[in-house]
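For the numbers below, each heavy atom of this structure counts, side chains included, while hydrogens, waters and symmetry mates do not. Just follow the structure's listing: the first ligand is 1, and inside any ligand the first atom is 1. In this text the structure is predicted, and so the values were computed from the model without any measurement.
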Amino acid sequence: MDKKLHLETLCIQAGYSPKNGEPRQIPIYQSTTFKYATSEDMGKLFDLEAEGYFYSRLANPTCDAVAARIAALEGGTAAMLTGSGQAATFFTLFNIASCGDHIVSSSAIYGGSYNLLAVTMKRMGIETTFVDPDCTEEELNAAFKPNTKAVFGETIANPALTVLDIEKFAKAAHAHGVPLVVDNTFATPINCRPFEWGADIVTHSTTKYMDGHGSAVGGCIVDSGKFDWTKYPDKFPGLCTPDDSYHGVTYTERFGLGGAFITKCTAQLMRDLGSVQSPQSAYYLNLGLESLPLRMRQHCANGQAIAEYLQSNEKVAWVKYCGLPGDKHHALAQKYLPNGSCGVVSFGLKGGRKAAETFMKHLELGSIETHVADSRTCCLHPASATHRQMTDAELDAAGVGADLIRLSCGLENAEDLIADLEQAIAKV
Ligand SMILES: *Cc1c(COP(=O)(O)O)cnc(C)c1O
């Protein structure tokens with residue numbers, strides 16, 4: 001088919017086309033290993049000379065089909081699944097940055113990603129400069145160093161709910177000869193496709209909306225194939241010079257711009273560090289992908305209705321939702337997220353930290369979970385959970401005040417959810 005297919009169709013059809021008599025649904029290849037007739041046959045696979053499967057840490061047909069579906073949704077050239085969103089973020093950055101290198105990141109990112117960059121990768125000798133996502137171009141450009149290897153941000157930040165000016169970040173990254181990596185977890189490709197705005201690599205925690213049912217932890221990395229590593233061979237020797245650990249293969253030469261990044265990430269990082277997604281988890285993820293456009297519509301409608309309700313409640317001090325006309329990021333949302341953002345709303349109650357705790361205790365439909373972005377409404381107080389390692393100053397810099405309640409609107413009926421909020425707020 002030549003015609004460019006719509007996202008709803010890709011969610012159902014992309015990545016897997018069974019031949020005559022083969023299963024209609026993506027089969028679960030629950031097998032660690034694959035059989036070959038001769039050692040030569042298998043040797044070609046190890047040399048990356050023939051395509052095929054030999055061990056599920058490196059590739060598995062179920063995972064590959066689901067990765068190909070996500071690549072199609074994002075408009076990328078290649079993708080790989082990982083065991084979690086954290087692994088996707090780490091693999092992506094570590095695939096191009098090594099000890100002695102530097103990363104520029106938005107300060108408004110997921111708490112786990114912040115920790116990964118600020119603490120764990122720093123211990124590995126990779127330093128990060130955090131910038132306010134709403135900074136000027138001048139401030140952004142000033143964050144770069146000669147050893148900067150990537151720029152990182154989230155389309156819609158979890159839990160700050162700021163909207164990334166992807167074009168601004170892409171422009172700065174490209175002016176300094178490095179790729180922009182965007183974590184597109186909250187928007188999903190249904191609501192934003194960062195490659196269309198200049199991003200080079202997209203990461204996902206598929207644990208969230210993509211799986212959508214709270215069933216399986218997972219991650220995904222998608223490459224646009226657009227970043228030309230060969231223009232900066234000194235910056236990206238891992239992609240542009242022979243890999244001694246893989247029979248001297250030069251990834252950009254052998255796999256082209258469309259395949260180099262993901263092949264290196266699989267052949268080196270997955271080989272050495274593990275973190276695969278299991279075929280069973282990939283199967284659950286795929287079930288979620290099939291209904292993703294329908295679900296995102298309902299999550300966004302509920303998010304909008306609840307944000308509007310909260311804004312009208314006099315016990316509510318503030319509401320953060322980019323779908324609200326007065327929101328600081330409303331203009332960016334209209335540009336990058338014209339069909340809706342996500343179902344996550346942040347707000348604070350008059351009475352701060354204490355009021356947040358009382359309110360959450362009395363919710364009946366909404367449950368307290370560290371999770372977000374699945375079918376069941378849930379909420380979290382980040383300052384006492386996911387972000388508890390951070391100081392108040394760091395919390396403020398990340399856009400996560402001590403009073404912030406993150407409410408993830410599920411797929412329930414909006415009137416029922418609002419009634420639940422109303423009775424819980426009344427008890428504050
Ligand atoms: C949850 C989350 C992650 C981490 O994903 P896991 O699947 O929990 O490892 C990364 N980025 C964002 C935006 C997230 O919401």
Side-chain angles (χ1 to χ4, degrees), residues 63 66-67 70 74 80-94 103 105-121 128 130 133 150 152-164 166 181-192 194 199 201-222 269 273-278 281-282 284-285 288-289 296 299 303 320 322 336-337 341-346 369-374 378-380 382 385-387 389 398-400 404 406-409:
C63 296
V66 179
I70 297 173
E74 288 287 5
M80 67 192 279
L81 299 187
T82 57
S84 67
Q86 284 299 105
T89 308
F90 175 59
F91 278 23
T92 298
L93 297 172
F94 199 59
I103 289 163
S105 172
S106 161
S107 58
I109 53 174
Y110 174 65
S113 306
Y114 179 86
N115 235 35
L116 171 67
L117 289 162
V119 181
T120 300
M121 288 180 71
T128 298
F130 293 96
F152 180 70
E154 294 178 13
T155 312
I156 306 169
N158 174 10
L161 302 181
T162 50
V163 177
L164 191 72
I166 301 174
V181 178
V182 172
D183 179 334
N184 198 31
T185 298
F186 268 22
T188 83
I190 303 306
N191 285 339
C192 180
I201 296 158
V202 158
T203 59
H204 281 282
S205 165
T206 61
T207 316
K208 313 295 164 53
Y209 288 120
M210 281 190 167
D211 170 275
H213 300 81
S215 302
V217 173
C220 185
I221 306 169
V222 189
L269 300 186
L273 300 170
S275 280
V276 282
Q277 189 165 137
S278 76
S281 292
Y284 293 136
L285 166 56
L289 289 175
M296 285 314 287
H299 281 298
K320 173 74 192 144
C322 64
Y336 294 110
L337 305 155
S341 56
C342 65
V344 184
V345 180
S346 293
E369 296 173 24
T370 57
H371 196 45
V372 274
D374 74 36
C378 59
C379 71
L380 175 80
T386 46
H387 285 55
Q389 302 87 342
V400 189
L404 185 146
R406 182 184 67 187
L407 179 69
S408 172
C409 303

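Partners of Thr207 under the side-chain hydrogen bond (donor to acceptor under 3.5 Å, both in side chains) rule, at least two apart in sequence or in another chain, are Ser205. With sequence neighbours excluded, the residues that form a salt bridge (Lys or Arg N to Asp or Glu O under 4.0 Å) with Lys320 are Asp327. With sequence neighbours excluded, the residues forming a ring-ring contact (aromatic ring centres under 6.0 Å, His included) with Phe94 are Phe90, listed by chain and number.
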Once you restrict both partners to nitrogen or oxygen, which atoms of ligand 1 have a protein partner under 3.5 Å, and how far apart are they?
| from | atom 1 | to | atom 2 | distance (Å) |
| --- | --- | --- | --- | --- |
| ligand 1 | 5 (O) | Ser205 | OG | 3.0 |
| ligand 1 | 7 (O) | Gly85 | N | 2.8 |
| ligand 1 | 7 (O) | Ser205 | OG | 2.8 |
| ligand 1 | 7 (O) | Thr207 | OG1 | 2.6 |
| ligand 1 | 9 (O) | Gly85 | N | 3.0 |
| ligand 1 | 9 (O) | Gln86 | N | 2.9 |
| ligand 1 | 11 (N) | Asp183 | OD2 | 2.6 |
| ligand 1 | 15 (O) | Asn158 | ND2 | 2.8 |
| ligand 1 | 15 (O) | Lys208 | NZ | 2.6 |

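Considering only heavy atoms from C-beta on, Leu380 stays 4.5 Å or farther from Pro159 through its side chain. Looking only at side-chain heavy atoms (C-beta outward), Ile103 and Met121 come within less than 4.5 Å of each other.
A pairwise comparison of heavy atoms in Ser346 and Arg406 identifies OG-CA, 4.4 Å as the closest pair.
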